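Both backbone and side-chain heavy atoms feed into the values below; hydrogens, waters and symmetry mates do not. Protein chains get the first letters and strands the later ones, always in sequence-line order, with residue 1 at the start of each. Remember, it's a predicted structure, so these values are computed and weren't measured experimentally.
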There are 2 protein chains.
Amino acid sequence: MLINELSKRTGVSIHTLRYYENLGLISGAVDETVTTNRYKNYGEDALERVEIIREGKEAGFTLAEIKKMLESWYSGTLTPEEQLKTMDKKIAEVENRIRKLKDVKKLLVRMRKEIGKGEC
Amino acid sequence: MLINELSKRTGVSIHTLRYYENLGLISGAVDETVTTNRYKNYGEDALERVEIIREGKEAGFTLAEIKKMLESWYSGTLTPEEQLKTMDKKIAEVENRIRKLKDVKKLLVRMRKEIGKGEC
DNA sequence: TTAAAGTATAGAGTATAGTCTATACTTTAA
DNA sequence: TTAAAGTATAGACTATACTCTATACTTTAA
C-alpha cells in the first residue's frame, strides 16, 4: 500500500508517518521495476509497526526506545535469548510505570478525601 | 527556605525550579522587610507542590495540566464541589492510563511468548 | 489533456520541558 | 575586605515529537 492508505488505515498523518520513516521506525520499499516514480510501498507489517509505536508511546517510551524494540523484534540479528532479555526489560519498565501510576492514583484519592473536611 | 535548599530537599535543579516558578507552578515570596535583596522564600508547601509536580509528570500529565490541578487545589476559589469534580476527572484519567499500560504489557508479553517458536 | 490529487524531499516552524549562559547584585567566610 | 558562593532575570540553546511549507515530479479523473 502507498502512504495514503497506510495513513488512513492507521489514523496517523502522512507527515507523521514520513517522520517515523526518517527516524527508521517504519520503511517502505521502492518498486524498482517501476521507472516512472519512486513511490514507497508499505506491507502489512507497517500496520503492525505503527500499532507498536502507538502502544509504545502510550507506555511512555520515546521513539528512540521504540526504534530499538522494533529493531530487536524484526531484525533477526538477535538471538532468541537477546530478544527475551530485551522484552523482559521492557515488560519490567511497563510494570514499573503501572506501579508509579497506582501511587499517583493513591495520592489523588487521598487529596480527594481531604476535600470538604478541613483544608490543605 | 531559599531556592538552594528547596532544590536540595526536592532533588530538582535550581534551573528547573525557576522554570516552574515562571510557569506559575510554585512561587516564593519576597520578604519586603528586607531592603537589601529580593531573595525569594519558599514555604513547606513548595515541597508538597514539587512532589505533586513530580507525581503528575509520572502520571503523564503536562505541566499545564498540573498547574490547573495545583490551582484548583490551593487557590481556595473553587467550591468543594468543583474541587471534587476536578479530582474525579484526574483520577479517571490516571485509571485510564493504567488500563492502557496494562494493554501494552499484554502486547509485550504476547510478543515475548512468540520468541523461540516460529517467527514474527 | 489538463487540472486536481497524490507522492517525495528538504527544511522551516511549533510546543513542551527543560538546561545553560551572561550579567548583575548580595551574602558569607577566610 | 575581598574572593567565593548564592540569588535573580533575561534570553539563548537543546531534545523530542511532531506539523507545515515549498518545490518538484507523477498519477488520475473529468
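- Protein atom CZ of A:R18 is 17 Å distant from nucleotide atom C1' of D:dA17, rounded to whole Å.
- In this structure D:dA30 sits in a base pair with C:dT1, meeting the Watson-Crick or G-U test at under 3.5 Å.
- A straight line from CD of B:E21 to C1' of C:dA17 spans 17 Å, rounded to a whole angstrom.
- Remark: A:R9 engages A:E44 in a salt bridge, criterion side-chain N to carboxylate O under 4.0 Å.
- For B:T16, no side-chain nitrogen or oxygen approaches OP1 or OP2 of C:dA17 to under 4.0 Å.
- Residue B:K57 places none of its side-chain N or O atoms closer than 4.0 Å to OP1 or OP2 of C:dT16.
- When each of A:F61 and B:K8 is assigned the nucleotide of DNA chain D with its nearest heavy atom, B:K8 is the one assigned upstream, toward the 5' end.
- Between A:Y19 atom OH and C:dT7 atom C1' there is a gap of 21 Å when expressed in whole angstrom units.
- Within the shown strands, C:dG18 is the pairing partner of D:dC13 under the Watson-Crick or G-U definition, both distances less than 3.5 Å.
- For A:N37, whose side chain is taken as the heavy atoms from C-beta onward, the closest listed nucleotide among C:dA8, D:dT26, C:dT26 is D:dT26.
- Nucleotide C:dC25 has D:dG6 as its partner under the Watson-Crick or G-U criteria, with both atom distances under 3.5 Å.
- Projected onto DNA chain C by closest heavy-atom contact, B:S13 and A:E5 fall at different nucleotides, the more 5' of which corresponds to A:E5.
- Distance CG (A:L17) to C1' (C:dT7): 13 Å, rounded to an integer number of Å.
- Neither OP1 nor OP2 of C:dA17 sits under 4.0 Å from any side-chain N or O of B:Y20.
- Protein atom CG of A:L63 is 4 Å distant from nucleotide atom P of D:dA17, rounded to whole Å.
- Salt-bridge check for B:E65 with B:K89: failed, with every basic side-chain N at 4.0 Å or more from each acidic carboxylate O.
- Rounded to a whole Å, the CG atom of B:L2 is 18 Å from the P atom of D:dA5.
- Proximity note for B:I3 (side chain, C-beta onward) versus D:dT27, C:dT9, D:dA8: the nearest is D:dA8.
- Each of B:H15 and B:T62 was assigned the nucleotide of DNA chain C with the nearest heavy atom; the assignment lying further toward the 5' end belongs to B:T62.
- Regarding contacts with the backbone of C:dA5, every side-chain N or O of A:N4 stays at 4.0 angstrom or more from both OP1 and OP2.
- A:I52 is connected to B:V109 through a chain of hydrophobic side-chain contacts under 4.5 Å among Ile, Leu, Val, Met, Phe, Trp and Tyr, so both are in one cluster.
- For the residue pair B:W73 and A:R112, the shortest heavy atom distance occurs at CH2-N, 4.4 Å.
- For B:L25 and C:dT16, the CG to P distance is 13 Å, given to the nearest whole Å.
- Within the 4.0 Å cut-off from OP1 or OP2 of D:dG6, not a single side-chain nitrogen or oxygen of B:K40 is found.
- Considering only side-chain atoms of B:Y39, the nucleotide from C:dT26, C:dT7, D:dT19 that sits closest is C:dT26.
- Follow the hydrophobic side-chain contacts under 4.5 Å out from B:I3 and you never reach B:V30; the two are in separate clusters.
- When the P atom of D:dG11 is taken as reference, atom CG of B:N22 falls 11 Å away, rounded to whole Å.
- Distance alone, capped at 3.5 Å, is enough to place a donor-acceptor pair between the B:Q83 side chain and the B:S72 backbone.
- Distances shown here put every side-chain N or O of B:K67 at or beyond 4.0 Å from the OP1 or OP2 atom of C:dA17.
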